[in-house]
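Below is one structure, written out as structure tokens, with a few remarks after it.
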Amino acid sequence: MTTGVVIQARMGSTRLPGKVLKPIAGRPLLDHVVGRLSMMRAEAVPIVATTVESKDDIIARRCTELGVECFRGSELDVLARFTECARVHVLDHIVRLTADNPFTDIEELDRLIDLHLAAGNDYTHSFGVLPVGVGAEIFSRAALELSNRDGHRANHREHVNEYIQENPAIFRIGQLAVPAAKNHPEVSLTVDTEADYVRACKIAESRAGCWISTVEALAYDRALH
């Protein structure tokens with residue numbers, strides 16, 4: 001049984017173009033997202049899923065430099081991109097991360113995978129409990145394939161998880177419980193705007209780059225305010 005950590009990445013962000021390769025603590029944001037995965041206890045294959053558009057050639061080149069697999073698919077049909085990536089790499093379970101989240105909580109990611117596999121879930125997530133940009137989600141291959149087959153609306157194609165979230169009766173869905181010190185969904189640690197980017201740089205530079213823990217990042221974020 002193979003688990004993949006698929007990192008969604010493209011250069012064409014509307015609010016902060018090129019953010020996935022903007023430098024944070026001296027290295028591109030994508031490097032930090034990939035680098036944190038080295039701390040995982042679970043065995044999982046890291047894969048960057050970008051688009052076939054020429055503007056994303058630079059992401060593919062960076063993946064080569066980092067020595068990480070790169071899959072290229074549709075820019076707008078993200079659900080198809082993830083499904084095809086899972087097929088090509090023969091993944092049984094697919095963790096979805098995005099390349100604008102440099103502070104993914106790896107300890108909770110390992111626990112998320114454990115919960116998903118032990119419970120036999122179709123879909124398991126840690127959203128709504130961890131800070132925005134710190135959590136993750138994991139799909140079974142079967143759930144992803146079903147979503148790709150039956151999720152026809154535009155929001156289903158753009159957002160990988162929305163067909164599942166809209167159809168809880170046909171999927172076994174789990175949510176990870178996290179320690180109280182990390183349970184701050186009202187805080188955002190993602191990089192979506194220029195202000196987010198400036199804050200992420202300050203947090204990363206405060207403690208050994210993006211290796212900072214969730215509790216430390218929360219404390220430093222409070223100090224910035």
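Just so you know, these numbers come straight off a predicted model, no measurement behind them.
Remark: the Ser54 side chain and the Asp57 side chain contain no N/O donor-acceptor pair separated by less than 3.5 Å. Side-chain contact check for Asp100 and Thr98: at least one donor-acceptor pair (N or O, by modelled atom type) lies under 3.5 Å.
Judged by distance alone, with hydrogens and angles left aside, the side-chain atoms of Arg222 form no donor-acceptor pair with the main-chain N or O of Ala217 at under 3.5 Å. Judged by distance alone, the side chain of Asp105 and the main-chain N or O of Val134 form no donor-acceptor pair under 3.5 Å. At distances below 3.5 Å, not a single donor-acceptor pair connects side-chain atoms of Asn183 with backbone N or O atoms of Val178. Looking at Tyr197, its side chain does come within 3.5 Å of a backbone N or O of Pro23 through a donor-acceptor pair. Checked by atom type and distance alone, the side chain of Glu162 never pairs as donor or acceptor with a backbone atom of His159 at under 3.5 Å. Checking side-chain atoms of Arg81 against main-chain N and O of Glu75 turns up a donor-acceptor pair under 3.5 Å. In terms of modelled atom types and a separation under 3.5 Å, the side chain of Asp196 and the main chain of Asp192 share a donor-acceptor contact. In this structure, Asn167 contributes its side chain and Tyr163 its backbone to a donor-acceptor pair below 3.5 Å.
Following chains of ILVMFWY side-chain contacts shorter than 4.5 Å, one cannot reach Val215 starting from Leu109, and the two form parts of different hydrophobic clusters. Note: the hydrophobic cluster containing Leu30 also contains Val191 (ILVMFWY, side chain heavy atoms under 4.5 Å, direct or indirect links). Under a hydrophobic clustering in which Ile, Leu, Val, Met, Phe, Trp and Tyr are joined whenever their side-chain heavy atoms come within less than 4.5 Å, directly or via other members, Ile173 and Leu115 fall into different clusters. Taken together through direct or relayed side-chain contacts under 4.5 Å among Ile, Leu, Val, Met, Phe, Trp and Tyr, Leu176 and Phe171 form parts of separate hydrophobic clusters. In the hydrophobic cluster analysis, where Ile, Leu, Val, Met, Phe, Trp and Tyr join through side-chain heavy atoms closer than 4.5 angstrom, Val198 is grouped apart from Val20.
The pair Arg111-Glu108 counts as a salt bridge, with a side-chain nitrogen and a carboxylate oxygen less than 4.0 angstrom apart. A salt bridge is absent between Glu194 and Arg15: the closest approach of a Lys/Arg side-chain nitrogen to an acidic carboxylate oxygen does not fall below 4.0 angstrom.
Rounding to the nearest 0.5 Å gives a distance of 6.0 Å between CG of Leu79 and CG of Leu144. In this structure, OG1 in Thr124 is found 9.0 Å from CZ in Arg172, a value given to the nearest 0.5 Å. Taking CG of Leu29 as the reference point, atom CG of Leu21 lies at 8.5 Å (rounded to 0.5 Å). Atom NZ of Lys19 is separated from atom OG of Ser13 by 4.0 Å, given to the nearest 0.5 angstrom. The distance from atom CG of Asp56 to atom CZ of Arg61, rounded to the nearest 0.5 Å, is 10.5 Å. Atom-to-atom distance recorded for Arg199:CZ and Ser188:OG is 5.0 Å, nearest 0.5 angstrom.
Lys202 forms no cation-pi arrangement with Tyr220, by the criterion of a distance under 6.0 Å to the ring centre and an angle within 45° of the ring axis.
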Before giving the answer on side chain to side chain contact (heavy atoms under 4.5 Å, CB included), spell out for Val95 and Leu97 the whole-Å C-alpha distance, their side-chain angles and the decisive distance to 0.1 Å. CA-CA 7 Å; Val95 174; Leu97 299 180; 4.3 Å; yes
The test is salt bridge (charged side-chain N to carboxylate O under 4.0 Å, His left out); show your working for Lys182 and Glu107 and say whether it passes. CA-CA 11 Å; Lys182 298 179 181 180; Glu107 180 183 17; 2.9 Å; yes
So Asp77 and Arg157, salt bridge (charged side-chain N to carboxylate O under 4.0 Å, His left out) or not? Walk me through it. CA-CA 5 Å; Asp77 192 342; Arg157 311 315 301 184; 3.0 Å; yes
When you look at Arg72 and Glu53, which way does the salt bridge (charged side-chain N to carboxylate O under 4.0 Å, His left out) test go after all the steps? CA-CA 9 Å; Arg72 305 188 72 169; Glu53 302 299 316; over 6 Å; no
Does Glu166 form a salt bridge (charged side-chain N to carboxylate O under 4.0 Å, His left out) with Arg153? I'd like the steps, not just the answer. CA-CA 11 Å; Glu166 292 173 9; Arg153 296 210 301 266; 2.6 Å; yes
Begin with the C-alpha distance, continue with both residues' side-chain angles, and end with the deciding distance and a verdict on side chain to side chain contact (heavy atoms under 4.5 Å, CB included) for Val52 and Ser74. CA-CA 6 Å; Val52 294; Ser74 172; over 6 Å; no
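For the pair Ile212/Ser206, a side-chain contact is recorded, criterion being any heavy-atom separation below 4.5 Å from C-beta on. Considering only heavy atoms from C-beta on, Asp122 stays 4.5 Å or farther from Ile164 through its side chain.
Applying the ring-ring contact (aromatic ring centres under 6.0 Å, His included) definition to pairs two or more places apart or across chains, those involving residues 104-129 are His93-His116, Tyr123-His125, Tyr123-Phe139, His125-Phe127.
Heavy atoms of other residues, nucleotides or ligands lying less than 6.0 angstrom from CD of Glu65 number more than 12.
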